[in-house]
Visitor: 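So that we are looking at the same thing, I have put the structure below in structure tokens.
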2 protein chains.
Amino acid sequence: MKGFAVMKRTLSSVEYSGEEEIMASIAKAISHPVRIKILKLLASRQCCFTGELTEIIPMAQSTISQHLKALLEAGLIQGEINPPKVRYCINLETWLTASTLLGGFFNADLTCRCECR
Amino acid sequence: MKGFAVMKRTLSSVEYSGEEEIMASIAKAISHPVRIKILKLLASRQCCFTGELTEIIPMAQSTISQHLKALLEAGLIQGEINPPKVRYCINLETWLTASTLLGGFFNADLTCRCECR
DNA sequence: TGTATTAATCGTATATTTGCGATCAGCAAT
DNA sequence: ATTGCTGATCGCAAATATACGATTAATACA
């Protein structure tokens with residue numbers, strides 16, 4: 001991972017639009033239930049939060065840290081390092097981008113009129 | 001993949017709500033740019049479509065078929081088998097679910113007021 | 001019965017994800 | 001300096017995902 005321009009295991013590098021890559025990147029970030037749970041927790045606590053996550057979610061501390069890192073790299077959260085503690089909160093900017101891109105995508109008016117089943 | 005109730009590589013099976021698992025499953029389906037591109041194509045062509053995808057997207061036919069299968073299993077598309085052709089189109093029901101869940105998730109009113117950076 | 005067409009599936013190689021324990025890094029207070 | 005605390009990172013193992021070519025399945029047509 002790291003940024004949006006990776007993945008070229010093959011020669012036939014397909015071309016993607018910036019939006020497609022950003023959307024995919026955000027989707028990948030929330031493609032694991034525990035990361036959705038984490039985001040929900042962060043969003044509900046008004047804001048900032050810390051590794052009390054470890055107490056709420058029964059997973060190894062290192063595992064949770066990894067998920068936080070994934071969310072951080074996707075830009076969905078931001079953290080304020082303040083050793084020995086770190087506070088995380090939603091990154092409103094990316095949050096808005098996600099809302100716009102994903103919302104716009106799924107809200108598209110699809111008047112499907114085919115006989116597919 | 002297959003359904004929403006997999007993943008228990010570990011002993012400390014974390015509990016997830018149905019919504020969390022459905023959201024994660026949908027997000028995973030659109031976590032690859034080529035699948036977003038495919039969905040866009042299907043959505044734009046009014047509706048139904050076929051493996052002309054192979055002509056538009058420079059990827060092996062088997063690879064595209066695999067991505068279609070992923071979208072199918074996530075319920076985002078549906079296909080009408082009509083050998084030797086198959087027509088795919090958006091599955092409006094899941095599409096609406098995705099819109100509701102993801103939209104509701106990201107549209108949550110976050111009045112963050114922390115000093116995190 | 002062959003032949004052509006389309007698309008799924010199989011088998012394989014490689015890369016990424018996920019999870020864990022163990023260790024390291026940064027700071028505060030002894 | 002030593003200790004304690006929180007949290008990131010490392011190293012490993014196992015599971016998934018991704019991409020491909022080759023093969024197979026299903027049907028229409030000659």
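Within every chain, numbering begins at 1; the chains are lettered A, B, ... in the order of the sequence lines, protein sequences first and strands thereafter.
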Visitor: Please give, in whole Å, the distance from dA8(D) P to Leu71(A) CG?
Guide: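 Going from Leu71(A) (CG) to dA8(D) (P), I get 12 Å.
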Visitor: Using heavy-atom distances to pick each residue's nearest nucleotide on DNA chain D, tell me which of Lys69(A) and Lys85(A) is more 5'.
Guide: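 Result: Lys85(A).
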Visitor: Does dC20(C) have OP1 or OP2 under 4.0 Å away from a side-chain N or O of Thr63(A)?
Guide: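 Looking at the OP1 and OP2 atoms of dC20(C), one of them is under 4.0 Å from a side-chain N or O of Thr63(A).
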Visitor: Between His67(B) and dA19(D), is there a side-chain N or O to OP1/OP2 distance below 4.0 Å?
Guide: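 Affirmative; the distance criterion is met.
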Visitor: Side-chain N or O of Ser65(A) versus OP1/OP2 of dG7(D): is the shortest distance under 4.0 Å?
Guide: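 It does not, given that no N or O in the side chain of Ser65(A) lies less than 4.0 Å from OP1 or OP2 of dG7(D).
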Visitor: For residues Leu76(A) and Arg35(A), determine if any side-chain heavy atom of one lies less than 4.5 Å from a side-chain heavy atom of the other.
Guide: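 The answer is no; the side chains never approach within 4.5 Å.
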Visitor: Kindly point out which of dT18(D), dA22(C), dC20(D) is positioned nearest to the side chain of Ala60(B)?
Guide: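 Selected nucleotide: dC20(D).
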Visitor: Nearest whole angstrom, please: distance from the C1' of dA7(C) to the CG of Leu72(B).
Guide: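 These atoms are roughly 13 Å apart.
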Visitor: Report yes if the side chains of Cys89(B) and Leu42(B) come closer than 4.5 Å at any heavy-atom pair, otherwise no.
Guide: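 In short, these two side chains do not touch, never coming nearer than 4.5 Å.
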Visitor: Whole angstrom is fine here: how far is it from CD1 in Ile64(A) over to C1' in dC20(C)?
Guide: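 These atoms are roughly 12 Å apart.
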Visitor: Decide yes or no for Asn82(B) and Arg87(B): does some side-chain heavy atom of the first lie under 4.5 Å from some side-chain heavy atom of the second?
Guide: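 No, too far: nothing below the 4.5 Å cut-off.
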Visitor: Measure from the side-chain N and O atoms of Lys37(B) to the backbone N and O of Glu15(A), and report whether any donor-acceptor pair falls under 3.5 Å.
Guide: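 Yes, because the side chain of Lys37(B) sits within donor-acceptor range (under 3.5 Å) of the backbone of Glu15(A).
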Visitor: Could you check whether the rings of His32(A) and His67(A) sit parallel, tilted or perpendicular, using 30° and 60° as the cut-offs?
Guide: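 Taking His67(A) first and then His32(A), their aromatic rings sit tilted (interplane angle of 30° to 60°).
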Visitor: Should the side chain of Gln66(B) and the base of dA17(D) be counted as holding a donor-acceptor pair, with the cut-off at 3.5 Å?
Guide: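 For Gln66(B), whose side chain was compared with the base of dA17(D), there is no donor-acceptor pair (under 3.5 Å).
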Visitor: Report the C-alpha distance between Leu102(A) and Ile30(B) in whole Å, list the side-chain angles of each, state the deciding distance to 0.1 Å, and finish with yes or no for side chain to side chain contact (heavy atoms under 4.5 Å, CB included).
Guide: CA-CA 10 Å; Leu102(A) 293 177; Ile30(B) 59 169; 3.8 Å; yes
Visitor: For Glu19(A) and Leu101(A), run side chain to side chain contact (heavy atoms under 4.5 Å, CB included): C-alpha distance rounded to whole Å, both residues' side-chain angles, the deciding distance at 0.1 Å, then the answer.
Guide: CA-CA 8 Å; Glu19(A) 277 196 359; Leu101(A) 288 183; 3.7 Å; yes
Visitor: Which whole-number value in Å describes the distance from Ile57(B) CD1 to dA19(D) P?
Guide: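 Ile57(B) atom CD1 is separated from dA19(D) atom P by 11 Å.
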Visitor: Sub-3.5 Å donor-acceptor pair from the side chain of Ser31(B) to the main-chain atoms of Lys28(B), do we have one?
Guide: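 Yes, because the side chain of Ser31(B) sits within donor-acceptor range (under 3.5 Å) of the backbone of Lys28(B).
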Visitor: Taking 4.0 Å as the cut-off, does a side-chain nitrogen or oxygen of Arg35(A) come that near to OP1 or OP2 on dT18(C)?
Guide: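 Yes, within the criterion.
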Visitor: Roughly, in whole Å, what's the span from NZ in Lys37(B) to C1' in dT18(D)?
Guide: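 For the pair Lys37(B) NZ and dT18(D) C1', the rounded distance is 17 Å.
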Visitor: Rounding to a whole Å, what distance do you find between Leu53(A):CG and dA8(D):C1'?
Guide: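 Interatomic distance, CG of Leu53(A) to C1' of dA8(D): 14 Å.
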Visitor: Distance check needed: dT18(C) P versus Lys28(B) NZ, whole Å only.
Guide: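 Rounded to the whole Å, the gap is 7 Å.
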Visitor: Spell out protein contact along nucleotides 24-30 of chain C as letters: B when the base is contacted, S when just the sugar-phosphate is, - when no protein heavy atom is under 4.0 Å; keep the 5' to 3' order.
Guide: --BS---
Visitor: Look at Tyr88(A) and dA8(D) and indicate whether a side-chain polar atom (N or O) is within less than 4.0 Å of OP1 or OP2.
Guide: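 For Tyr88(A), the contact criterion (side-chain N or O under 4.0 Å from OP1 or OP2 of dA8(D)) is met.
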Visitor: Out of dT18(D), dC20(C), dA7(C), which nucleotide sits closest to the side chain of Met59(A)?
Guide: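 Of dT18(D), dC20(C), dA7(C), dC20(C) is nearest to the side chain of Met59(A).
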Visitor: Could you pick out which residue, Gln61(A) or Gln61(B), lies toward the 5' side of DNA chain C when each is mapped onto its nearest nucleotide?
Guide: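 Going by which nucleotide is closer to the 5' end, it is Gln61(B).
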Visitor: Regarding dG21(C), can its base be found pairing with the side chain of Ser62(A) as donor and acceptor, where the two atoms are less than 3.5 Å apart?
Guide: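 Under the 3.5 Å cut-off, the side chain and the base do form a donor-acceptor pair.
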Visitor: For the pair made of CD in Glu73(B) and C1' in dA8(C), what is the distance, rounded to whole Å?
Guide: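 Roughly 12 Å, once rounded to whole Å.
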